[in-house]
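See below for the structure under consideration.
Starting from 1, each residue takes its place in the sequence as its number.
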Amino acid sequence: MRTLAGRHSGVAILAATAFGLATLTAGERTNARLEETLSAPGSPLTVAAAGASPETQQTIVRARALYTAPGSAAAVALAKAPRSQTRTRSLLGKIANQPQAVWFGDWLTPAKARSQATTLVKAAKKTNKLLPVVLYNIPFRDCHGYSAGGAKSDTAYRAWIDQVAAGLAGGKVVAVLEPDALPHLDCLTTSRQAARLALLRYAVTRLTNTSGIAVYIDAGHSAFKSAETMAARLEQAGVDRAAGFALNVANFRATADEVAYGRDISLRADNAHFVIDVSRNGNGPWSGTQSWCNPPGRALGSRPTTSTGDPLLDASLWIKTIGLSDGACRTGAPKAGIWWQSYALGLATRARW
């Protein structure tokens with residue numbers, strides 16, 4: 001299974017934040033039974049039925065300049081690089097100077113997540129730019145893969161989403177919701193599948209009820225699930241209330257393939273819009289084993305933009321945190337979420353710009 005940027009296993013990790021790289025310990029796995037139902041009506045977590053329409057959310061994103069949060073993994077590495085290493089600094093700058101999504105997950109408590117979100121929104125608002133974020137805390141995350149983890153209960157997840165939404169309120173935010181949650185639905189029991197879909201619907205409702213947030217539900221990539229399957233899952237997850245869906249998160253599929261796949265899904269999902277992660281797809285996918293995990297010979301993709309010229313494609317984004325390992329899957333590769341400078345430099349060297 002593929003591992004995504006900012007996705008973390010239960011080990012010490014380096015997480016890129018708006019404030020620099022900090023060593024964190026992800027929550028240990030729990031065998032506690034997860035709650036299976038949403039909060040009862042009238043509880044503090046119940047959300048209203050109204051919210052920003054998909055069209056309103058898309059307007060937040062399209063043709064808006066992207067905010068480059070300080071302290072990305074590449075920016076921290078650049079700050080540490082000796083000035084005598086001019087080539088290294090140039091390549092790191094090539095990465096660090098582009099806007100990348102900031103990831104929120106189980107390494108942040110609800111209070112910390114809200115505080116960080118508030119700080120980021122405040123900074124982005126000063127420049128009138130769009131803040132890209134990823135929310136990555138769904139229970140049973142990554143199906144016991146390299147980035148297994150997530151909230152320890154459904155109640156904990158909803159409380160976490162509430163706090164993140166409160167922190168992001170009032171800004172201009174493009175939020176990618178729960179990478180791999182829908183593509184990995186098959187690894188769950190029937191009851192857990194229903195619970196996950198309910199949590200995603202809750203998150204979509206909570207976030208779209210909060211001013212200034214455009215939500216795109218992760219939908220895997222063109223070589224993962226059929227468009228028919230993914231469209232059905234997106235509808236169950238509440239895509240009709242979201243801005244749309246996200247493709248190729250932390251993967252390497254070619255942009256043209258993802259656009260075609262996105263259009264196919266859109267035809268089956270009431271013309272839903274989409275965004276694509278182009279951060280590492282400059283050379284397209286690798287044909288070898290574990291092609292999703294630190295494949296050799298890859299390159300940075302095109303620069304991120306919200307002016308795509310495509311009526312369905314709202315943005316081409318750098319969602320993956322460039323330079324963080326996908327997992328210890330190859331010789332020399334560190335664990336998921338750890339900075340791997342040689343790999344980052346290779347991506348930048350092979351970029352076609």
Side-chain angles (χ1 to χ4, degrees), residues 1-10 13 15 26-39 45 47 101-110 112-113 117 133-165 168 175-208 213 215-221 224-225 230 233-239 241-242 245-247 249-251 277 319-320 336-337:
M1 296 179 184
R2 63 194 178 99
T3 307
L4 309 187
R7 306 182 185 193
H8 312 285
S9 55
I13 56 170
E28 297 179 355
R29 297 180 185 175
T30 177
N31 292 322
R33 185 177 73 85
L34 298 185
E35 298 170 26
E36 307 251 337
T37 58
L38 290 171
S39 296
L45 295 179
V47 292
V102 178
W103 289 63
F104 290 75
D106 53 355
W107 53 94
L108 295 172
T109 65
K112 290 268 190 182
V133 303
V134 181
L135 308 185
Y136 188 56
N137 195 25
I138 201 80
F140 294 112
R141 187 182 67 205
D142 202 35
C143 293
H144 306 296
Y146 288 120
S147 296
K152 297 186 188 306
S153 74
D154 292 4
T155 296
Y157 181 74
R158 290 190 295 270
W160 186 84
I161 284 289
D162 288 346
Q163 293 303 305
V164 173
L168 295 175
V176 174
L177 182 62
E178 296 300 342
D180 276 349
L182 287 180
H184 282 174
L185 205 60
D186 307 282
C187 80
L188 303 173
T189 64
T190 301
S191 62
R192 279 312 312 170
Q193 288 180 19
R196 173 166 291 186
L197 291 168
L199 288 176
L200 289 171
R201 290 193 299 272
Y202 179 89
V204 170
T205 301
R206 184 68 179 85
L207 292 163
T208 58
I213 305 175
V215 179
Y216 293 83
I217 306 169
D218 181 77
H221 58 77
F224 208 156
K225 299 292 182 182
M230 194 49 61
R233 292 182 182 184
L234 283 166
E235 289 178 353
Q236 290 177 295
V239 74
R241 302 194 58 184
F245 55 95
L247 297 175
V249 173
N251 214 280
D277 185 357
I319 300 173
K320 162 76 178 182

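Across every non-hydrogen atom of R192 and F140, the tightest pair is NE-CE1, 3.6 Å. Nearest heavy atom pair, residue W160 against residue A113, reads NE1-CB, 3.9 Å. D154 approaches A195 most closely through the heavy-atom pair OD2-CB, 3.7 Å. Closest non-hydrogen pair, A181 versus I138, comes out as CB-CG2, 4.3 Å. Smallest separation of non-hydrogen atoms from D277 and K320: OD2-N, 3.1 Å. The two atoms that bring A237 and I217 nearest to each other are O-CD1, 3.9 Å, heavy atoms only.
Note on R233 versus D218: no salt bridge recorded, every NZ/NE/NH1/NH2 to OD/OE distance being 4.0 Å or above.
Going from atom CZ of R141 over to atom CD of E178 covers 8.0 Å, rounded to the nearest 0.5 Å. L188 CG to Q193 CD: the interatomic distance, rounded to the nearest 0.5 Å, is 6.0 Å. Separating the OG1 atom in T208 from the CG atom in L177 is a distance of 10.5 Å, to the nearest 0.5 Å.
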| message | Between R158 and L199, does the side chain to side chain contact (heavy atoms under 4.5 Å, CB included) criterion hold? Intermediate values first, please. | response | CA-CA 7 Å; R158 290 190 295 270; L199 288 176; 3.7 Å; yes
| said: side chain to side chain contact (heavy atoms under 4.5 Å, CB included), that's the test. Do K225 and L182 meet it? Break it down for me. | reply: CA-CA 10 Å; K225 299 292 182 182; L182 287 180; over 6 Å; no
| task | Might you work through the side chain to side chain contact (heavy atoms under 4.5 Å, CB included) test for L207 and R241, ending with a clear yes or no? | result | CA-CA 10 Å; L207 292 163; R241 302 194 58 184; over 6 Å; no
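Although no hydrogens or angles enter the test, the distance criterion places a donor-acceptor pair under 3.5 Å between the side chain of R196 and the main chain of P139.
With hydrogens and angles left out, the side-chain atoms of S153 and T155 include no donor and acceptor closer than 3.5 Å.
Note: W107 and Y136 have tilted aromatic rings, judged against thresholds of 30 and 60 degrees for the angle between ring planes.
Put simply, the side chain of F245 does not reach to within 4.5 Å of the side chain of M230, judged on heavy atoms. At a threshold of 4.5 Å between non-hydrogen side-chain atoms, the residues L247 and Y216 do not count as touching. Side-chain contact between N137 and F104 is absent, with no heavy-atom pair separated by less than 4.5 Å. Inter-residue side-chain proximity for D180 and F224 is flagged as met; some heavy-atom pair is nearer than 4.5 Å.
Between W103 and the choices L108, V176, L135, V134, the side-chain contact (heavy atoms from CB on, under 4.5 Å) rule is met once, by V134.
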